[in-house]
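First up is the structure itself, then whatever we jot down about it.
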Amino acid sequence: MKLQKNSLNQVSLWDGVIPSKELAEFSIPTTNKYHFSDQGTNLRGKQYNLTLHWHVMPKTGQMFADKIDMTGFRLPKKHR
């Protein structure tokens, strides 16, 4: 998301360690450990993308990273 003052705004909504390939299926709970707040009204009704980044650290061999981008989300126009 681009705003006038910042060319790129990022926030971590979830992080965790998945210890094995068998446990790689997960769901993100509706509550998170990081507070997400809009200090004003700059983000209300704005479109945003979700990008899932991951790093694979095998027991042997080279570590690698990848990501997937999910687009088309919109923040609510009103906050609770």
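Listed here is the closest heavy atom pair of Leu23 and Ile18: O-CG2, 3.2 Å.
Atom-to-atom distance recorded for His55:NE2 and Phe64:CZ is 11.0 Å, nearest 0.5 angstrom. Note that the CD atom of Gln47 and the CG atom of Leu75 stand 10.0 Å from one another [nearest 0.5 Å].
Of the possible donor and acceptor atoms, none in the side chain of Arg44 sits under 3.5 Å from a partner among the backbone N and O of Lys78.
A donor atom on one side chain and an acceptor atom on the other are found under 3.5 Å apart for Asp69 and Thr51.
Met63 and Val56 sit in two unconnected hydrophobic clusters of ILVMFWY residues. Membership requires side-chain heavy atoms under 4.5 Å apart, directly or through other members.
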Stepwise side-chain contact (heavy atoms from CB on, under 4.5 Å) check, Ile68 with Trp54: CA-CA 9 Å; Ile68 186 170; Trp54 63 90; 3.9 Å; yes
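Residues Leu52 and Met70 meet the side-chain proximity criterion, which asks for heavy atoms closer than 4.5 Å. Contact annotation: the side chain of Tyr48 approaches that of Leu50 to within less than 4.5 Å [non-hydrogen atoms, C-beta and beyond].
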